Amino acid sequence: MVFGILEDYYLENVPGTGLLSDHGVVRGQEVEIDVARDLKRGTGRYAHIILIPQPSDDPRDPLNWPSWKKEACFWTLSFGTSLTGALSPLVSAGYVLLSKQFNVSVDDVTSSFGILLLGLGIGMVLQNALAVKFGHRIVYLVSSLLMFISCIWCALSPNLASIRASRFFQGCGMSAGQGLVPSTFEQMYYVHERGSRSVIWNFSIMAGITLGPLVCSYVIQNLTWEFGFWFVSIALGIATVMVFLFVPETTFHRAKAIRPTKEQTSDRSSMEKSLSETDIQVVERELDPLALPGYISGLKIWHGTYTNENLLKIFLRQFTFVLSPVAWFVFLTYGMQTVWLSLVPLCSATIFTLEYNFNAAQIGLTNLGGIVGIVLAMLVTGPLNDWGVVWISKRNRGIYEPEFRLIFMISMLFGVSGYVGWAVGNDHHMPWIGAVACITMFNFSMVVSGSAAVTYLLDTHRENALHILAVTNFAKNMVLYGSTFFANGIILNRGVKVSLLILGACQAFCWLASIPMYIFGKRVRSFIARHPEVYRGEAIPNEQVLEKISGS
């Protein structure tokens, strides 16, 4: 039992476990570990870090891209992701005004604009299959263009029926920014780099969710709600051009791993047990000098297909991961936490109108609390996430366990405190600044714990993480879309206190899922690896694993 993580008794090499550092701490003293001396390491201050996964010698491998190319791709996708976050609650501050304009209830307006979530959920499972078959780049380009066109359509919509149609296609376009980006990170970055990148990506989503309604509230107050979509369409046009210029294809299939010889590891048999074959990838490939990538060649939109599998088979395969405990964990801790948090801006117009008599501009300003929360989360946990797992790994003889990421799930308790504090404070006529402070806690919790959950998924399921993200995001958006039909009604009928206490209880329940996942996570990874007939998307186990299974 390492730091509370139960060991597995079936596999010597559990997928996800690997040697991350060539330095370890034994009895308080730092010692060098030479068991993986032939593996590639990082550079500079990361010179002691063993690269997981091991990059190939092919310059087309995204792991081998120059820093400027990775950064251009990363920040372009982060910018696009922030716009997808802004689109969902963009005019939420004006729902009460819109209900009067269209002469319908607030819930009717909320569900009409919320149909975007239905498109987002459907788009998640569709773009996943398309990305596996045809690559990431073309999916990003089509998604950006679809958001741009549908945003203009929404601004021109004369009635709720047209708004529903345009918002549905907006949701389909948003799916790549909120579901495909982590898979791109998995292709471009090593394990010790993913934590901070995941935090920034989560920050981008949350910044869009909080800043979008804030800016648009002034647009609604001084102009009209349509102008909000016109302004966002300009940004989406810029984002589409940036995707074309700075987001090359990241799909790359590396060769199978070659395990280090026993002579290399015989002196440290305990280390050999901890090394995962899937984490050690040594690729030998003959390269055609004429085929080396250039910037202009990277602008090509169509790259053919990346697998011979039938598209329908790829689409159906992702649903087999519903049986994965990791999928349920991500759904509860990341997906459902997003639902609770998304209900706050959806219902903020009702809450702050009833309790504080705020207008649209004042309601939008309450999102400043969310900005403070996500900025604090990024500044505190961005570097700490990756540094922390390296620090713990060194004290585990250099061995990295993905469950180390889950220590950051404790931040979900900040969200619980925020919901309960707002509920109790509202009942005692808490000033508006107290409510804004609670919103700060929600957002801080979401960025820290959500990033940890997504990074844990990338480290445990690797190339199959895309399937799990698609399924869990689909389920999340269906739950959230269903909530738009009655969320404001519950607040009006049951009151703010009861509604927020319900959200706090749900948040606490979801946090509890991280405890057994941390303790039994390694055994769960082993179970998944030993049952490929159930988890169709998992890689075929190595010969050693098959012999163990047949022997038992």
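The model shown is predicted, which means the values in this text are computed figures rather than measured ones.
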Side chains of Ile392 and Ile407 in contact at under 4.5 Å (non-hydrogen atoms) = yes
Donor-acceptor pair, side chain of Ser514 and main chain of Trp511, under 3.5 angstrom = yes
May I have the step-by-step check of side chain to side chain contact (heavy atoms under 4.5 Å, CB included) for Tyr140 and Thr184, ending in yes or no?
-> CA-CA 11 Å; Tyr140 282 131; Thr184 301; 2.7 Å; yes
Check: Ala72 main-chain N/O paired with Thr76 side-chain donor or acceptor under 3.5 Å = yes
Close side-chain approach of Tyr400 to Pro402, heavy-atom, < 4.5 Å = yes
Heavy-atom pair of closest approach, residues Ala377 and Val448 | CB-CG2, 3.7 Å
By side chain to side chain contact (heavy atoms under 4.5 Å, CB included) - contacts of Leu323 (at least two apart) = Val534, Tyr535
Set of side chain to side chain contact (heavy atoms under 4.5 Å, CB included) partners for Leu512, sequence neighbours left out = Ile515
Could you check if a side-chain atom of Phe113 sits within less than 4.5 angstrom of a side-chain atom of Arg164, using non-hydrogen atoms only?
-> no
Can you check whether Trp230 reaches Ser233 side chain to side chain, under 4.5 Å on heavy atoms?
-> yes
Quick one: closest heavy-atom pair of Ala452 and Phe408, and the distance?
-> CB-CB, 4.0 Å
Might you work through the side chain to side chain contact (heavy atoms under 4.5 Å, CB included) test for Leu98 and Trp225, ending with a clear yes or no?
-> CA-CA 9 Å; Leu98 284 164; Trp225 65 269; 3.3 Å; yes
Are Lys69 and Glu249 ion-paired here, with the side-chain N under 4.0 Å from a carboxylate O?
-> no
OH of Tyr356: more than 12 outside heavy atoms within 6.0 angstrom?
-> yes
Can you label the angle between the Phe442 ring and the Tyr419 ring as parallel, tilted or perpendicular, going by 30° and 60°?
-> parallel
Neighbour count >12 (heavy atoms, 6.0 Å) for atom CZ, Phe169 = no
Closest heavy-atom pair and its distance - Arg194, Leu458 = NH1-O, 3.9 Å
Not counting sequence neighbours, which residues clear side chain to side chain contact (heavy atoms under 4.5 Å, CB included) with Trp328? List them please.
-> Val322, Phe331
Ring pair (Phe, Tyr, Trp, His ring centres under 6.0 Å) partners of residues 68-94, not counting sequence neighbours, each pair once = Phe74-Phe185
Would you list the pairs meeting side chain to side chain donor-acceptor pair (under 3.5 Å) in which at least one residue belongs to residues 124-136, sequence neighbours left out?
-> Asn128-Gln318, Asn128-His467, His136-Ser183, His136-Thr251
Starting at CG of Leu211, measure out to CG of Leu368 and round the result to the nearest 0.5 Å.
-> 8.0 Å
Does the side chain to side chain contact (heavy atoms under 4.5 Å, CB included) test come out yes or no for Trp201 and Val454, once each step is laid out?
-> CA-CA 10 Å; Trp201 171 70; Val454 171; 4.2 Å; yes
Gln507 (side chain) donor-acceptor with Leu503 (main chain) under 3.5 angstrom = no
Grab the two heavy atoms, one from Thr81 and one from Gly177, that are nearest each other, plus how far apart they are.
-> OG1-O, 3.3 Å
Can you tell me how far the CG atom of Leu236 sits from the OG atom of Ser143, to the nearest 0.5 Å?
-> 11.5 Å
Calculate, to the nearest 0.5 Å, the distance between atoms CG and CG belonging to Asn202 and Asn443 respectively.
-> 10.5 Å
For Leu117 and Asn477, the nearest pair of non-hydrogen atoms, with its separation, is O-CB, 3.4 Å
Working to the nearest 0.5 Å, report the span between OG1 of Thr250 and CD of Gln187.
-> 5.5 Å
So does Ile410 have more than 12 non-hydrogen atoms from other groups sitting under 6.0 Å from CD1?
-> no
Would you indicate whether the side-chain heavy atoms of Ser324 and Phe329 approach each other to under 4.5 Å?
-> no
Atom pair CZ (Phe321) and CG (Leu466), whose distance is rounded to the nearest 0.5 Å | 10.0 Å
Within a reach of under 6.0 Å around CH2 of Trp432, are more than 12 heavy atoms found that belong to other residues, nucleotides or ligands?
-> no
Do Phe229 and Leu156 have side chains that get closer than 4.5 Å, going by heavy atoms?
-> no
Min side-chain heavy-atom separation Tyr456-Val330 under 4.5 Å = no
Got a sec, which residues hit side chain to side chain contact (heavy atoms under 4.5 Å, CB included) with Val524, two or more places apart in sequence or on another chain?
-> Pro325, Val326, Met517, Ile528
Any sub-3.5 Å donor-acceptor pair from Ser449's side-chain atoms to Met409's backbone N or O?
-> no
So, Arg525 side chain and Pro15 main chain: donor-acceptor pair closer than 3.5 Å or not?
-> yes
Kindly indicate whether a cation-pi arrangement holds for Arg137 with Phe244, taking the cut-offs as under 6.0 Å to the six-membered ring centre and within 45° of the axis.
-> yes
Within a strict 4.5 Å, meaning less than it, do heavy atoms of the Ser88 and Ile209 side chains meet?
-> no
Report the C-alpha distance between Phe148 and Leu83 in whole Å, list the side-chain angles of each, state the deciding distance to 0.1 Å, and finish with yes or no for side chain to side chain contact (heavy atoms under 4.5 Å, CB included).
-> CA-CA 11 Å; Phe148 173 67; Leu83 295 178; over 6 Å; no
Determine the interplanar angle of the Phe319 and Phe315 rings, folded into 0 to 90°, and report it as parallel if under 30°, tilted if 30 to 60°, perpendicular if over 60°.
-> perpendicular
Hey, does the side chain of Thr320 reach the backbone of Leu316 with a donor-acceptor pair shorter than 3.5 angstrom?
-> no
Closest contact, heavy atoms only, Gly421 versus Cys438 | C-SG, 3.9 Å
Flag, side chain of Lys70 to backbone of Leu63, donor-acceptor distance under 3.5 Å = yes
Give a yes or no answer on whether the side chain of Ser175 reaches the backbone of Cys172 with a donor-acceptor pair at less than 3.5 Å.
-> yes
Under 3.5 Å donor-acceptor, Arg167 side chain and Ser150 backbone | no
Hey, is the main chain of Ser451 close enough, under 3.5 Å, to the side chain of Thr455 for a donor-acceptor pair?
-> yes
Rounded to the nearest 0.5 angstrom, the SG-CD distance for Cys154 and Glu226 is 8.5 Å
